[in-house]
Asks: 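Have a look at the structure that comes next, please.
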Amino acid sequence: MNVPSDHRPSRQIAERAPFQLSFEFFPPKTDVMEERFWESVRKLAPLHPRFVSVTYGAGGSTRDRTLRMVSQVKTDTGVDAAAHLTCVGATREEVDAVVRGYQTAGIRRIVALRGDSPAGVGMPFVQHPGGYTSAADLVAGIRRIGDFDISVAAYPEKHPQSPTWEFEIDNLKRKIDAGATRAITQMFFDNDDYFRLLERAAAAGITAPIVPGIQPIHSFKQISGFAAKCGASIPAWLAARFDGLDEDPETHALVASAVAAEQVLELVDEGITEFHFLTLNRSNLVLALARLLGVRPD
Ligand code: FAD
């Protein structure tokens with residue numbers, strides 16, 4: 001290699017563009033889970049993320065909790081908060097009422113999603129009678145209500161329901177053209193899939209940022225289950241790294257940290273400066289990754 005190793009972007013701190021980080025949480029269901037949520041939010045807030053986002057349970061099942069958590073994150077920590085929102089199981093009027101609720105609560109960022117069929121993630125999406133048809137349709141609806149910062153989903157391995165890559169990229173473009181500011185990707189473990197998505201999007205004239213969604217592997221068993229459900233693949237080399245570690249949490253944690261570091265630093269070396277971390281309401285791996293990026297709590 002001709003480039004000296006300390007000239008890699010991941011090893012240059014002073015000259016590099018500042019990183020933009022965002023952290024995704026899910027709304028806690030129990031008091032114990034809520035304690036963990038707040039502990040993690042409080043540890044990660046001093047990293048000054050661009051925003052913290054809170055997911056929306058399948059079929060809108062967490063509607064009130066999502067609103068409560070995003071509002072409280074904002075008031076308690078001063079960090080900007082984004083609410084996820086889906087079109088599932090609700091009329092346009094009902095979804096619009098949720099958007100207005102966010103507006104009233106001072107939330108100006110929304111992650112706009114179609115969501116999945118209540119019958120299961122792999123099942124065909126059935127539009128609610130009188131509901132929004134897709135994420136692009138929802139983005140347009142939100143735009144009609146107010147001036148929100150809207151993020152949408154993108155898929156480095158193609159959405160499982162997209163028949164072709166052309167359809168996939170057209171759909172992403174529709175969401176951006178409808179008024180989204182950025183896309184955030186589904187989790188992925190092979191960076192080449194992400195780079196190919198960037199190339200395809202650029203070729204289609206998409207200029208909005210496509211921020212990588214980084215899933216640290218707190219539990220390989222749990223994350224492979226999530227990945228299977230959402231159509232993200234687990235490469236054989238990744239499975240091999242965690243093989244046999246179910247009963248060895250210490251080595252599992254060290255491998256998880258090394259795997260996430262390798263993924264993130266490789267992205268940095270290719271010029272990526274924005275990251276969305278899927279925290280699963282835990283802070284330790286994300287704190288370590290932020291430190292590798294030179295982002296420290298103040
Ligand atoms: P869309 O972009 O509307 O469509 C997804 C696919 O559906 C398209 O790729 C296409 O194949 C097909 N499609 C779209 N329009 C049409 C059409 N007119 N005709 C035929 N096919 C069409 N889910 C939750 O329930 N809650 C969350 O909080 C949540 N957060 C997420 C955050 C991120 C960053 C990501 C990546 C996903 C998240 N999801 C969440 C999952 C998401 O709801 C699912 O992936 C869902 O299957 C697709 O949502 P979408 O917004 O990408 O849909």
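Start at 1 and go down the list; that is how both ligands and their atoms are numbered.
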Asks: So, Gln20 side chain and Phe275 main chain: donor-acceptor pair closer than 3.5 Å or not?
Replies: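 Checked: no pair found.
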
Asks: Specify the protein heavy atom at minimum distance from atom 8 (C) of ligand 1: its residue, its atom name, and the distance to 0.1 Å.
Replies: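 Result for atom 8 (C) of ligand 1: Asn171 ND2, 3.4 Å.
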
Asks: Report the part of Thr55 in contact with ligand 1, treating N, CA, C, O as backbone and CB onward as side chain, heavy atoms under 4.0 Å; options are side chain, backbone, both, neither.
Replies: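 Both parts.
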
Asks: For ligand 1, is any non-hydrogen atom under 4.0 Å from Arg114's backbone (N, CA, C, O), its side chain (CB onward), both, or neither?
Replies: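 The answer is both.
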
Asks: For the side chain of Ser71 and the backbone of Ala105, is there at least one donor-acceptor N/O pair under 3.5 Å apart?
Replies: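 Answer holds: no.
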
Asks: Does Arg63, at its CZ atom, have more than 12 non-hydrogen atoms belonging to other residues, nucleotides or ligands within less than 6.0 Å?
Replies: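 No, not enclosed.
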
Asks: Using a strict 4.0 Å cut-off to heavy atoms of Gly115, name the atoms of ligand 1 that fall inside it.
Replies: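 Ligand 1 atoms under the 4.0 Å threshold to Gly115: 43 (O), 46 (C), 47 (O), 49 (O).
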
Asks: Decide, yes or no, whether a salt bridge links Asp170 with Lys173 under the criterion of side-chain N to carboxylate O below 4.0 Å.
Replies: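 No salt bridge links Asp170 with Lys173.
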
Asks: Does the N or O separation between Arg174 and ligand 1 drop below 3.5 Å for any pair?
Replies: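 No: no nitrogen or oxygen of Arg174 is under 3.5 Å from one in ligand 1.
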
Asks: So if I count the atoms of ligand 1 from 1 in the order they appear, which ones are less than 4.0 Å from some heavy atom of Gln186?
Replies: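 With Gln186 as reference, the close atoms of ligand 1 come out as 36 (C).
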
Asks: With heavy-atom distances below 4.0 Å as the criterion, list the atoms of ligand 1 near Thr86.
Replies: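 With Thr86 as reference, the close atoms of ligand 1 come out as 24 (C), 25 (O), 26 (N).
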
Asks: Membership question, hydrophobic clusters at under 4.5 Å side-chain separation (ILVMFWY): are Val73 and Leu280 in the same one?
Replies: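 Each belongs to a different hydrophobic cluster.
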
Asks: In terms of the angle between their ring planes, are His276 and Phe51 parallel, tilted or perpendicular, with boundaries placed at 30° and 60°?
Replies: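 Judged by the thresholds at 30° and 60°, the geometry between His276 and Phe51 is tilted.
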
Asks: Which of the numbered atoms in ligand 1 are below 4.0 angstrom from a heavy atom of Glu168?
Replies: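 Contacts of ligand 1 toward Glu168, numbered from 1: 9 (O).
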
Asks: Give a yes or no on whether Glu166 atom CD has more than 12 heavy-atom contacts from other residues, nucleotides or ligands under 6.0 Å away.
Replies: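 No, not enclosed.
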
Asks: Classify the contact between Lys175 and ligand 1 as side chain, backbone, both or neither, using a heavy-atom distance cut-off of under 4.0 Å.
Replies: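 The answer is the side chain.
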
Asks: Is the Phe220 to His252 ring centre distance short of 6.0 Å?
Replies: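 Not close enough - the centres of the two rings lie 6.0 Å or further apart.
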
Asks: For atom 39 (N) of ligand 1, which candidate among Leu113, Leu85, Val111, Ile169 holds the nearest heavy atom?
Replies: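 The option holding the nearest heavy atom is Leu113.
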
Asks: Do Arg50 and Arg182 make a side-chain contact, defined as non-hydrogen atoms from C-beta onward lying under 4.5 Å apart?
Replies: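 Side chain of Arg50 against side chain of Arg182, heavy atoms only: contact under 4.5 Å found.
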
Asks: Look at atom 41 (C) of ligand 1 and say which protein heavy atom is nearest, naming residue and atom and giving the distance to 0.1 Å.
Replies: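 Among all protein heavy atoms, the one nearest atom 41 (C) of ligand 1 is Asp116 OD2, 4.2 Å.
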
Asks: Quick one: which ligand 1 atoms are inside 4.0 Å of a heavy atom on Ser134?
Replies: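 Contacts of ligand 1 toward Ser134, numbered from 1: 3 (O), 15 (N).
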
Asks: Would you call Phe189 and Ile223 a side-chain contact if the rule is heavy atoms closer than 4.5 Å?
Replies: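 In short, these two side chains touch, coming nearer than 4.5 Å.
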
Asks: Which option wins on minimum heavy-atom distance to atom 49 (O) of ligand 1: Phe125, Tyr56, Phe167, Tyr155?
Replies: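 Ranked by closest heavy atom to atom 49 (O) of ligand 1, first place is Tyr155.
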
Asks: Within the supplied structure, the quantity of interest is the number of heavy atoms (other residues, nucleotides, ligands) at a distance under 6.0 Å from Asp192 CG; does it exceed 12?
Replies: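 Correct, the count exceeds 12.
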
Asks: So if I count the atoms of ligand 1 from 1 in the order they appear, which ones are less than 4.0 Å from some heavy atom of Ser162?
Replies: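 Within the 4.0 Å cut-off of Ser162, ligand 1 contributes 8 (C), 9 (O), 10 (C), 11 (O).
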
Asks: Kindly indicate whether the side chain of Leu21, heavy atoms from C-beta on, has any atom under 4.5 Å from the side chain of Leu293.
Replies: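 Yes, at least one pair of side-chain atoms sits under 4.5 Å.
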
Asks: Would you mind listing which atoms of ligand 1 come within a distance below 4.0 Å of any non-hydrogen atom of Ala153?
Replies: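 Reading through ligand 1 atom by atom, the close ones are 35 (C), 36 (C), 52 (O).
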
Asks: Would you check whether His159 has a nitrogen or oxygen atom less than 3.5 angstrom from a nitrogen or oxygen atom of ligand 1?
Replies: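 Among all N and O atoms of His159, at least one is under 3.5 Å from an N or O of ligand 1.
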
Asks: Report yes if Thr185 has an N/O atom closer than 3.5 Å to an N/O atom of ligand 1; otherwise report no.
Replies: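 In fact, backbone or side chain, Thr185 has no N or O that close.
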
Asks: Do you see a protein non-hydrogen atom under 4.0 Å from atom 18 (N) of ligand 1?
Replies: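 There is no protein heavy atom less than 4.0 Å from atom 18 (N) of ligand 1.
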
Asks: Flag Pro163 as yes when one of its N or O atoms lies below 3.5 Å from any N or O atom of ligand 1, and as no otherwise.
Replies: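 No; the residue has no nitrogen or oxygen that sits under 3.5 Å from a nitrogen or oxygen of the ligand.
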
Asks: Quick check on contacts: which atoms of ligand 1 are under 4.0 angstrom from a heavy atom of Gln161?
Replies: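 What qualifies from ligand 1 is 11 (O).
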
